[in-house]
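A quick write-up on the structure given underneath.
A quick note: this is a predicted structure, and the numbers were derived from the prediction, not measured.
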Amino acid sequence: MKVFCREFPKLASIALLAVGLVTVGQDAPQPKSSHATPLIGKLNRFTTSGVPAIGPAEIEVAPRKWDRPIPSDLPGNGLAQHSMLYIGEGYNKMFLINGGKIIWTYSTGSGWEYDDAWMLSNGNILFTRMQFIAEVTPNKEVVWRYDAPAGTEIHTCQPIGLNKVMFVLNGLPPKLMVVNIKTNSVEVQHELPAPSLTDPKSVHGQFRRVRYTARGTYLVSFLEMDQVVEYDKNFKEVWNYEIKSPWAAVRLKNGNTLITDEKDILTREVNPQKETVWDLRPSDLPVAYRFINTQSATRLANGDTIICSRGGDGKGPQLVEVTPDKKVVWVLNDWADLGPATAVQILDDPGIPEMPGQSQH
């Protein structure tokens with residue numbers, strides 16, 4: 001396992017030693033926002049004259065080939081609907097979109113796969129690429145990188161303050177970890193349950209999305225064990241919800257939990273009593289707007305929900321935004337410019353991403 005650190009730019013080893021469990025958020029930096037949408041103010045850093053077309057650590061991917069027109073009669077404003085950071089597991093090119101245009105990209109070559117990405121309040125971007133996690137600047141400089149050991153995979157990450165990153169190593173056994181990227185130390189390491197602790201073929205499907213909540217708990221989606229489990233700081237189970245193939249779960253500001261069920265193509269919001277308060281299936285939408293699969297969902301501050309879909313190689317839309325009463329206000333079906341959608345971070349939504357609970361994605 002290898003790490004780049006901000007203070008030590010050379011590749012360095014990081015020991016995976018058992019450490020005492022801590023409350024991760026106790027000493028996490030708590031930046032203050034002077035702007036309702038702090039990320040929008042960082043976008044000019046991605047378009048300055050010094051930003052290279054291809055960064056030193058980038059590996060180009062083949063351009064997309066698409067000869068069909070972009071539908072013109074869809075709800076919303078296409079790429080201009082939101083400023084956003086956009087990734088998809090079927091195409092290893094990350095897109096930053098503002099004002100209806102792709103203003104910045106970052107490519108990591110062929111192979112599997114983007115699953116999680118965050119723009120931070122300092123303008124850097126943190127992302128997973130299955131084989132590693134990295135943080136890059138708008139100028140495409142790698143300021144931190146963590147390579148997954150042989151036989152493991154990384155599909156989920158979350159910043160906790162600007163100096164800590166929580167992630168899960170799919171493996172035998174899988175491990176939830178928190179690394180302090182300033183001190184180059186492992187602050188939390190805890191083994192998680194898995195369908196098998198001996199079968200290497202089971203590693204890939206263990207976890208896709210884990211989130212650290214504003215309460216200091218860990219919300220863990222067990223993709224192949226059909227449940228979402230919440231653990232306290234000592235990894236004692238405090239809540240669970242059984243659902244098929246939960247790809248992602250996020251704790252909302254209202255205290256409910258938004259879950260995407262990949263098998264049933266279902267997005268469901270449940271309250272702490274495990275009652276369904278809202279859900280969405282493709283059949284709830286007009287035929288032309290129906291997504292054909294789902295991986296993650298984002299809840300906006302205005303109450304709308306954005307569904308992310310791989311889209312089946314262009315057979316369906318990538319993003320669908322609906323109101324609480326399931327009115328469709330935006331459909332993105334743009335396979336000429338973008339690949340599949342696994343996750344999206346809406347940059348014109350308020351909140352500081354590295355403060356747990358402020359970003360509902």
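- A salt bridge is absent between R129 and E113: the closest approach of a Lys/Arg side-chain nitrogen to an acidic carboxylate oxygen does not fall below 4.0 angstrom.
- Using modelled atom types and a 3.5 Å distance limit, the side chains of S121 and E354 yield a donor-acceptor pair.
- A salt bridge is defined here as a Lys NZ or Arg NE, NH1 or NH2 lying under 4.0 Å from an Asp or Glu carboxylate O, and E269 with R299 meets this definition.
- In terms of hydrophobic clustering, with Ile, Leu, Val, Met, Phe, Trp and Tyr side chains grouped at heavy-atom distances under 4.5 Å, L338 and Y289 are assigned to different clusters.
- Open room surrounds CD on E60; 12 or fewer heavy atoms of other groups in view lie less than 6.0 Å from it.
- A donor atom on one side chain and an acceptor atom on the other are not found under 3.5 Å apart for D115 and T342.
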- Message: The test is side chain to side chain donor-acceptor pair (under 3.5 Å); show your working for E89 and H155 and say whether it passes.
- Response: CA-CA 10 Å; E89 68 174 30; H155 297 272; over 6 Å; no
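- From D334, atom CG reaches atom CH2 of W66 across 10.0 Å, with rounding to the nearest 0.5 Å.
- For the salt bridge (Lys or Arg N to Asp or Glu O under 4.0 Å) condition, no pair includes a residue of residues 67-82, sequence neighbours left out.
- Taking OH from Y241 and CG from L219, the interatomic distance works out to 13.0 Å, rounded to the nearest 0.5 Å.
- The hydrophobic clustering, which links ILVMFWY residues whose side-chain heavy atoms are closer than 4.5 Å, places I160 and V168 together.
- Heavy-atom neighbours of R215 CZ from other residues, nucleotides or ligands within 6.0 Å: at or below the threshold of 12.
- In terms of heavy-atom proximity, P193 sits nearest to F222 at O-CE2, 3.5 Å.
- For Y231 and Y218, the distance between ring centers is not under 6.0 angstrom.
- Here the closest heavy-atom approach between residue D116 and residue I87 is recorded as N-CD1, 3.3 Å.
- Ring centroids of Y146 and F132 are separated by 6.0 Å or more, keeping the two rings apart.
- To the nearest 0.5 angstrom, T323 atom OG1 is 9.0 Å from N302 atom CG.
- Going from atom CG of L79 over to atom CG of L332 covers 5.5 Å, rounded to the nearest 0.5 Å.
- Taking every heavy atom of both residues into account, L126 and W144 meet most closely at CD1-CZ3, 4.0 Å.
- None of T37, I306, L319 except one satisfies the side-chain contact (heavy atoms from CB on, under 4.5 Å) rule with I346; the exception is I306.
- Within a 6.0 Å radius of CH2 in W112, other residues, nucleotides and ligands contribute 12 heavy atoms or fewer.
- Pairing each heavy atom of T152 with each of V203, the nearest pair is CA-CG1, 4.5 Å.
- For the salt bridge (Lys or Arg N to Asp or Glu O under 4.0 Å) condition, the pairs that include at least one residue of residues 237-254, sequence neighbours left out, are E230-R251.
- In this structure, K140 forms a cation-pi arrangement with W104, its terminal cationic atom sitting closer than 6.0 Å to the ring centre and no more than 45° off the ring axis.
- Note that NZ of K274 is 4.0 Å distant from CG of N240, once rounded to the nearest 0.5 Å.
- Here the straight-line distance linking atom OG of S245 with atom CG of L266 works out to 11.0 Å at 0.5 Å rounding.
- Judged purely by distance below 3.5 Å, without hydrogens or angles, the side chains of T108 and Y114 pair a donor atom with an acceptor atom.
- For R310 and E262, the salt-bridge test passes: some basic side-chain N is under 4.0 Å from an acidic carboxylate O.
- M84 and F291 fall into different hydrophobic clusters, where Ile, Leu, Val, Met, Phe, Trp and Tyr residues are linked whenever their side-chain heavy atoms come under 4.5 Å apart, directly or through other members.
- Heavy atoms only, all atoms of each residue included: A249 and R211 are closest at O-CG, 3.7 Å.
- Inspection of the H204 and Q206 side chains reveals no N or O donor paired with an N or O acceptor under 3.5 Å.
- Side chain of S196 to backbone of T198: a donor-acceptor contact under 3.5 angstrom is found.
- The shortest heavy-atom contact between Q295 and A248 is O-CB, 3.8 Å.
- A salt bridge is absent between D261 and R268; no separation between the charged side-chain nitrogens and carboxylate oxygens falls under 4.0 Å.
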